[in-house]
Amino acid sequence: MKGVKKVSQNYATRWQSALQSNYGQPALTLVSGKGLTLVDCEGNHYLDFLGGIATNLLGHAHPAITAAVRKQIGTLGHVSNFYMHPGVIALAEKLKELVGDDSARVFFCNSGAEANEAALKLSRRTGRTRIVATDGSFHGRTMGALSLTGQPAKRDPFKPLLRGITHVPFGDLAAMKRKVTRRTAMVIIEPIMGEAGVVMPPVGYLRGVREICNCTGALMVVDAVQTGMGRTGQWFGYEHEGITPDVITLAKGLGAGLPLGAMIALGDAAHLFQPGDHGTTFGGNPVSCASALAGIEVLEKKNLLAQACKHEATIKSAIAVLPGVREVRGQGLLLGIVLDNEIAVDVRNALQAAGVLVNAPNSNVIRIAPALTVSAAQIKKFIAAFAKAMAEIHHG
Ligand SMILES: *Cc1c(COP(=O)(O)O)cnc(C)c1O
């Protein structure tokens with residue numbers, strides 16, 4: 001046992017002397033995974049209820065993904081956007097079908113921040129420059145995306161940021177109405193604020209924002225990076241409100257584990273970019289597209305969106321009644337367990353010691369975002385482990 005402990009310490013030392021400290025010291029060294037099971041360098045097994053931060057929709061090493069990726073990399077790897085390839089066209093068509101609007105046009109990139117950067121640049125093509133975003137929101141870490149992000153702790157060290165961006169309280173339509181004018185190029189909204197701790201807006205909020213955008217001509221950009229691709233039980237997090245955005249940004253789950261982002265524009269917005277306006281070398285590369293297409297096919301065939309809603313109900317009813325839990329919020333398999341006390345880090349650590357991985361987006365919230373392939377037995381196991389961790393912390 002002493003020998004294996006040494007292995008993990010050795011990785012930590014090597015990490016510190018070779019990587020920058022922007023992530024702090026990561027908790028574990030993981031070496032393999034299968035489905036929702038992860039294995040660390042000491043041979044410990046974990047039930048993965050974080051899913052690579054809402055990313056691994058089908059878990060680890062899903063046979064459909066490994067087969068699709070293997071086949072693609074063995075057939076045609078990267079080609080750049082000087083050339084077309086069948087996968088990028090098929091995936092854009094599939095996304096159009098899922099969005100349900102034939103006017104939609106897709107731009108592919110590699111991450112959520114890049115998808116939002118693309119939306120930002122697109123909005124400049126309206127001829128307007130002002131932007132309204134919300135307090136607490138998270139839109140990425142690059143300078144443009146960070147300027148949209150409504151979290152002072154992440155922004156302040158990097159000022160000056162982009163000018164002309166106003167933040168209003170999330171969920172407050174009156175504040176939004178005051179700030180959005182005919183000079184506003186875009187409004188950007190998360191359907192559920194994931195990084196802020198799975199914060200839900202009041203019912204009707206997205207519909208209200210849609211109306212404000214209609215009245216002023218501002219583009220309504222929905223950042224569905226975390227709430228997209230089926231995670232909330234609908235393909236895209238805004239569908240619960242029955243609205244159609246002007247722009248949708250996606251990443252996280254889109255590539256089913258591979259890096260892939262997208263900025264989808266609808267209606268007039270679909271034609272704002274002119275040749276030469278924007279681009280990225282790896283965006284829409286054949287391997288990431290093959291993975292995304294395979295992922296969507298499995299989600300559809302196995303009816304995993306409907307499953308996510310069933311699991312949501314099971315988890316909410318079992319966890320919400322536990323002592324020390326104030327509420328369980330979120331939709332589908334993006335859930336935030338709100339605790340009575342600021343003990344989220346202790347709960348996360350206790351769960352990790354018990355072999356369950358979750359995260360603590362803030363001091364009183366535990367976030368879970370397991371793969372949509374999670375089984376009823378694994379849900380049961382999580383609920384039992386969570387209840388035990390809470391009981392230990394309360395009585396210990
Ligand atoms: C994670 C996230 C991003 C940033 O995505 P990256 O791939 O880390 O750049 C943007 N918006 C939302 C809502 C996210 O959850």
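Everything quoted here is computed from the prediction, not taken from an experiment. Just so you know, ligand 1 is whichever comes first in the structure, and atom 1 is the first atom listed for that ligand. Start at 1 with the first residue, then count along the sequence.
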Below 3.5 angstrom, do we get any N/O pair linking [X] and ligand 1?
X      : result
Glu190 : no
Val225 : no
Phe138 : yes
Gln226 : yes
Glu114 : no

- [ ] Provide the closest heavy-atom pair for Phe170 versus Val199 in the form atom of the first, atom of the second, distance.
- [x]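 That closest heavy-atom pairing would be CE2-O, 3.6 Å.
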Under 3.5 Å, is there a donor-acceptor pair between the [X] and [Y] side chains?
X      : Y      : value
Asn214 : Arg210 : yes
Ser137 : Glu190 : no
Gln331 : Glu312 : no
Thr232 : His240 : yes

TODO: Would you please test Lys94 and Glu97 for salt bridge (Lys or Arg N to Asp or Glu O under 4.0 Å) and show each step?
DONE: CA-CA 5 Å; Lys94 188 72 206 177; Glu97 179 198 319; 3.1 Å; yes
Task: Arg207 and Glu211 ion-paired at < 4.0 Å - done: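 No, this pair does not count.
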Distance to 0.1 Å, residue and atom name: give those for the protein heavy atom nearest to [atom].
atom                    : value
atom 5 (O) of ligand 1  : Gly112 CA, 3.2 Å
atom 2 (C) of ligand 1  : Lys252 NZ, 2.5 Å
atom 11 (N) of ligand 1 : Asp223 OD2, 2.7 Å

Task: atom 8 (O) of ligand 1 within contact range, any protein heavy atom under 4.0 Å - done: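 Within 4.0 Å: no protein heavy atom nearby.
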Task: Region of Asn116 that comes within reach of ligand 1 [heavy atoms, distance under 4.0 Å] - done: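 Side chain only.
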Open item on the list: Heavy-atom pairs closer than 4.0 Å: do any link ligand 1 to the side chain of Ala113, the backbone, both, or neither?
Closed with: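 Both backbone and side chain of Ala113 come within 4.0 Å of ligand 1.
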Open item on the list: Using modelled atom types and a 3.5 Å cut-off, is there a donor and acceptor pairing between side-chain atoms of His278 and backbone atoms of Gly276?
Closed with: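 Checked: no pair found.
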Task: Proximal atoms of ligand 1 relative to Ser111 (non-hydrogen, under 4.0 Å) - done: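 Within the 4.0 Å cut-off of Ser111, ligand 1 contributes 7 (O), 9 (O).
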